[in-house]
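Taking it in order: structure first as structure tokens, then the write-up.
None of the values given here were measured: they were computed from a predicted structure. Just so you know, ligand 1 is whichever comes first in the structure, and atom 1 is the first atom listed for that ligand.
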Amino acid sequence: MSTSFLRMILLAVAADGSLAMGHKAARSFRFASISVDAAIKYQEVDGLGASQAFQRAEDVLGKDGLSPSLQANLLDLLYDVDSGAGFSILRNGIGSSNSSASNYMNSIEPFSPGSPYAKPNYTWDGYDSGQFPLAQQARARGLQTLYGNAWSAPGFMKTNDDENNGGYLCGVTGETCASGDWKQAYADYLIQWVRFYEEHGVKVNNLGFLNEPQFAATYAGMLSNGTQAADFIRILAKTIKRERMELAINCCDGIGWDEQEAMMAGLQAGPDPAEAYLDVVTGHGYSSAPTYPLSTTRKTWLTEWADLDGDYTPRIFYDVNGPGEGMVWARNVQIAFVNANVSGFLYWIGAENSTTNSGLINLLGDEIVTSKRFWSMAQFSKFARPGARRVEALSSAELLYVSSFVNTDGKIATQVINNDTAAYDVSLTLDGCRLLEKRVVPYITDNENDMTELAPVLLANDGTFRTTVPARSLVTFLAI
Ligand SMILES: *[C@@H]1O[C@H](CO)[C@@H](O)[C@H](O)[C@H]1NC(C)=O
Ligand SMILES: *[C@@H]1O[C@H](CO)[C@@H](O)[C@H](O)[C@H]1NC(C)=O
Ligand SMILES: *[C@@H]1O[C@H](CO)[C@@H](O)[C@H](O)[C@H]1NC(C)=O
Ligand SMILES: *[C@@H]1O[C@H](CO)[C@@H](O)[C@H](O)[C@H]1NC(C)=O
Ligand SMILES: *[C@@H]1O[C@H](CO)[C@@H](O)[C@H](O)[C@H]1NC(C)=O
Ligand SMILES: *[C@@H]1O[C@H](CO)[C@@H](O)[C@H](O)[C@H]1NC(C)=O
């Protein structure tokens with residue numbers, strides 16, 4: 001279709017639309033064209049997901065009354081690609097606590113061996129604050145990537161002798177301790193956590209050693225700048241190589257995208273840049289959102305973000321554009337992939353016993369409440385699978401936001417968010433692809449629907465189909 005012909009249609013519709021405005025009952029409609037070119041490929045997708053750290057894994061395992069059959073349903077919703085979202089990344093916390101009081105995550109080395117050179121007394125309880133059995137269940141349902149992430153080293157390895165309240169790892173640039181340099185001991189310790197998982201049948205893929213290192217939290221955490229993170233990455237990489245482990249290094253889970261960007265210079269500095277040993281650069285979305293690519297050639301993941309203090313609005317896809325609403329999060333995910341070049345997107349908590357927006361699913365006794373945020377993430381996760389590539393997708397309408405991904409099996413998943421007050425008649429063209437069935441299945445999430453499958457549409461020979469995208473909705477078109 002030529003652009004001048006398109007413009008003619010647009011003009012005709014605009015004329016109709018303004019005519020209709022005179023009649024109160026007239027349906028207002030708009031027209032848009034969307035074009036996807038699967039031959040123009042961008043970053044690879046590793047997947048979407050969340051964490052069950054700080055004992056939230058225990059909520060999933062029934063601590064507060066979720067019955068065994070609903071536990072299984074919940075695990076399916078989170079990790080099964082046929083009956084749920086098929087989340088493919090799970091972020092487990094590597095605990096630094098010497099007890100399980102409050103919501104602490106147990107350390108595999110709860111007490112100091114006395115010095116960094118003494119033999120550590122590691123301990124494995126097969127539970128890991130609920131996260132080990134959770135990881136087993138997730139793997140059984142097809143989870144692809146397990147990301148082990150320490151918020152802090154154990155207190156005895158730190159300048160403040162405390163897992164909480166900031167402090168630095170003893171031995172990084174500018175930070176020394178009377179007890180010695182604990183960098184190698186911390187690397188050995190993290191590797192041992194991975195070994196415990198793997199000896200018990202659960203592969204760990206990615207390893208991180210910091211969480212929000214710009215912020216001295218009252219809970220587990222550790223401060224670091226880029227130089228100090230680089231000091232540790234070099235030692236961790238050597239240790240992984242020496243142990244002949246197949247393990248990717250993530251860094252640094254900065255508190256916001258800008259704060260992670262600010263760490264890049266330190267990670268890239270010197271004759272032996274730490275970035276060379278890094279597999280994934282990770283940042284959070286709290287203090288600044290992922291809206292641009294980080295300055296790195298490595299893959300990037302948005303590894304934590306959530307609405308922590310907005311009104312509890314689990315079942316609202318669109319109302320007032322509130323911070324916990326479904327469309328806001330659909331758009332956050334889309335912007336992260338399209339504008340910030342991420343390969344992964346993780347919300348903070350997957351499911352938890354709470355009446356807040358900090359998880360995707362709320363567990364209220366024996367009830368599961370899926371939020372619209374959950375369904376928004378599922379509309380990406382279920383259809384743009386690990387290994388998929390993001391591809392070029394353009395929309396002619398300002399309030400119709402698009403993204404598209406080509407999967408390794410050739411299926412194309414295109415997400416369209418309609419943030420307008422009216423439905424759009426859409427002409428969607430798929431170029432540069434080879435589809436087996438030339439069939440498109442739409443799935444919709446809006447205030448009324450949770451990823452509802454709609455009637456399939458057939459593609460014309462030129463790769464085009466006509467469809468409708470309702471007002472204030474998210475539709476994923478899976479082309480097969
Ligand atoms: C090792 O730690 C465990 C508990 O974490 C403790 O029961 C045991 O006594 C410790 N062993 C030594 C030799 O300190
Ligand atoms: C246990 O951890 C807490 C918090 O870091 C710390 O205050 C306490 O000294 C630790 N206890 C022992 C015996 O190491
Ligand atoms: C990080 O902090 C150390 C210690 O204060 C300092 O020497 C180093 O220059 C800092 N690095 C960056 C990139 O700011
Ligand atoms: C996007 O990320 C990939 C790695 O996944 C990288 O190779 C590429 O350079 C990045 N693109 C931009 C524009 O940053
Ligand atoms: C939708 O549009 C409104 C303006 O009408 C804007 O304030 C809001 O940010 C948009 N929502 C999203 C998710 O982009
Ligand atoms: C967790 O679940 C229990 C039992 O259903 C309930 O009494 C409690 O209030 C819940 N806690 C939160 C934070 O929702």
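- Listed by atom number, the atoms of ligand 4 under 4.0 Å from T297 heavy atoms are 4 (C), 6 (C), 7 (O).
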Sequence neighbours left out, cut at 3.5 Å: what donor-acceptor pairs do the side chains of residues 316-324 make with other protein atoms?
{"from": "Y318", "atom 1": "OH", "to": "R472", "atom 2": "NH1", "distance (Å)": "3.4"}
{"from": "Y318", "atom 1": "OH", "to": "R472", "atom 2": "NH2", "distance (Å)": "3.4"}

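- Atoms of ligand 4 lying under 4.0 Å from at least one heavy atom of P293, given by number and element, are 14 (O).
- For the pairing with F232, the ring pair (Phe, Tyr, Trp, His ring centres under 6.0 Å) check across Y277, W182, Y189, Y186 returns one residue only, Y186.
- Crowding of D311 atom CG: a count of heavy atoms from other residues, nucleotides or ligands under 6.0 Å not exceeding 12.
- Considering only heavy atoms from C-beta on, Q260 stays 4.5 Å or farther from T303 through its side chain.
- Across every non-hydrogen atom of F405 and A388, the tightest pair is CB-CB, 4.4 Å.
- For ligand 5, the polar-atom distance check against R331 finds no nitrogen or oxygen pair separated by under 3.5 Å.
- The distance from ligand 4 to the heavy atoms of K299 drops below 4.0 Å at these ligand atoms: 5 (O).
- When all heavy atoms of G283 and W257 are compared, the pair lying nearest together is O-CZ3, 3.8 Å.
- Residue Y318 has no N or O atom closer than 3.5 Å to an N or O atom of ligand 5.
- Checked against a 6.0 Å centroid threshold, the rings of Y197 and W124 count as neighbours.
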Every pair of nitrogen or oxygen atoms between ligand 2 and the protein that is under 3.5 angstrom apart - can you list them with their distances to 0.1 Å?
{"from": "ligand 2", "atom 1": "2 (O)", "to": "N98", "atom 2": "OD1", "distance (Å)": "3.3"}
{"from": "ligand 2", "atom 1": "2 (O)", "to": "N98", "atom 2": "ND2", "distance (Å)": "2.4"}
{"from": "ligand 2", "atom 1": "5 (O)", "to": "D162", "atom 2": "OD1", "distance (Å)": "3.1"}
{"from": "ligand 2", "atom 1": "11 (N)", "to": "N98", "atom 2": "ND2", "distance (Å)": "2.8"}

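- Look at D450 and K372 and you find a salt bridge, because one of the NZ, NE, NH1 or NH2 atoms lies within 4.0 Å of a carboxylate O, short of that distance.
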